[in-house]
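Quick caveat, the model's predicted, so the values are computed rather than measured.
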Amino acid sequence: MTAGNLATTQAVISQLEERNKAPSERHNSLLEAPSMFRSPRWWASCCVIRLPRPDASNGEVAGTGTFTASIIVAGQIAGMQPRMFLIYPEGNFIEASFDTPFFQIGETKYGRPILLRGYSRDMSFEDAVKLLMVSFDSTIKANLSVGMPLDLLVAERDTFEPVHARRIGPDNPYFHAISVGWSEALKLAFESLPDYGFYLPKDS
């Protein structure tokens, strides 16, 4: 998964798929990595790319600008543990762990508080999807640049193919029910909170 400058993410993916070569000569060497740790190292080396930057004043190319991207890469090599990495725009990366059980990229400030408050290590996949829907709904309502569709994919250990994949569009009845239900639940929760009292002096 990628977020950030579109030119950078497309350039990184093009390098991965060797799109500068003829189709018959392309070879995705990433699929032959001896360990998952090699994958984020490769991605990280491509993550920060120097590209020409047009000068806004006269349209000419003036120097270079740094166009960056954030990337989440995850997977499993047969016989090994599934692993997931977050690659920062600077090119360094961290791995999912007990202290970092999930990652986000892109617009996170609206949906992340939902995940932090609602996530539990023992929650079911069904509840996790519900929580993700609420998180995305909060982000979509707060930022006009974020919108549908949403892509959901579940990969099970040692299966090496998705066990569930779905594209959720704006007319999806489940997402609509989540959005309406969450809005109503927030209103009820707000109304149930204690009122703030204004106390006036007795002689006023």
Side-chain angles (χ1 to χ4, degrees), residues 1-6 8-13 15-17 28-49 66-140 142-143 145-146 149-168 174-175 178 182:
M1 294 181 285
T2 62
N5 180 268
L6 182 60
T8 300
T9 58
Q10 288 185 344
V12 171
I13 293 172
Q15 289 189 52
L16 170 64
E17 298 181 350
N28 192 335
S29 58
L30 186 63
L31 297 179
E32 297 180 355
S35 70
M36 277 300 301
F37 186 75
R38 293 288 183 89
S39 298
R41 291 184 65 182
W42 185 92
W43 282 93
S45 67
C46 301
C47 196
V48 180
I49 299 177
T66 300
F67 299 87
T68 60
S70 299
I71 298 172
I72 294 177
V73 56
Q76 180 186 8
I77 295 175
M80 300 183 185
Q81 294 291 322
R83 302 176 73 178
M84 180 169 64
F85 302 87
L86 169 61
I87 305 169
Y88 293 103
E90 294 78 13
N92 56 332
F93 59 89
I94 61 172
E95 183 174 3
S97 65
F98 184 87
D99 295 321
T100 55
F102 60 84
F103 291 141
Q104 287 177 280
I105 53 177
E107 179 61 86
T108 63
K109 60 180 176 288
Y110 302 109
R112 185 171 178 79
I114 302 293
L115 298 181
L116 293 176
R117 286 177 177 267
Y119 173 75
S120 172
R121 295 185 183 278
D122 58 357
M123 70 192 319
S124 65
F125 274 107
E126 291 79 7
D127 283 344
V129 170
K130 185 192 305 184
L131 183 64
L132 289 172
M133 296 298 171
V134 172
S135 176
F136 272 111
D137 179 65
S138 299
T139 302
I140 290 171
N143 190 330
S145 67
V146 179
L150 309 176
D151 290 309
L152 171 65
L153 185 145
V154 178
E156 198 173 43
R157 180 195 298 262
D158 298 326
T159 58
F160 303 107
E161 62 182 19
V163 297
H164 179 83
R166 177 173 297 175
R167 169 156 288 194
I168 299 169
Y174 177 73
F175 186 84
I178 290 292
W182 181 246

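The ring-ring contact (aromatic ring centres under 6.0 Å, His included) test applied to Tyr119 returns Phe102, not counting sequence neighbours. With sequence neighbours excluded, no residue forms a salt bridge (charged side-chain N to carboxylate O under 4.0 Å, His left out) with Glu156. With sequence neighbours excluded, no residue forms a ring-ring contact (aromatic ring centres under 6.0 Å, His included) with Tyr110.
Between the side chain of Gln76 and the backbone N or O of Phe160, no donor-acceptor pair lies under 3.5 Å.
Side-chain contact between Phe125 and His164: absent, with no pair of heavy atoms (C-beta onward) separated by less than 4.5 Å. At least one side-chain heavy atom of Ile94 sits less than 4.5 Å from a side-chain heavy atom of Phe103. By the 4.5 Å heavy-atom criterion applied to side chains, Thr108 and Thr139 are not counted as neighbours. Residues Asp137 and Val134 form no side-chain contact, since every pair of their non-hydrogen atoms from C-beta on lies 4.5 Å or further apart. With contacts defined as side-chain heavy-atom distances shorter than 4.5 Å, the pair Lys130/Trp182 does not qualify. Inter-residue side-chain proximity for Arg157 and Gln81 is flagged as met; some heavy-atom pair is nearer than 4.5 Å.
Side-chain polar atoms of Ser135 and Ser138 form no donor-acceptor pair below 3.5 angstrom. For the residue pair Ser97/Asp99, the side-chain donor-acceptor check at 3.5 Å is not satisfied.
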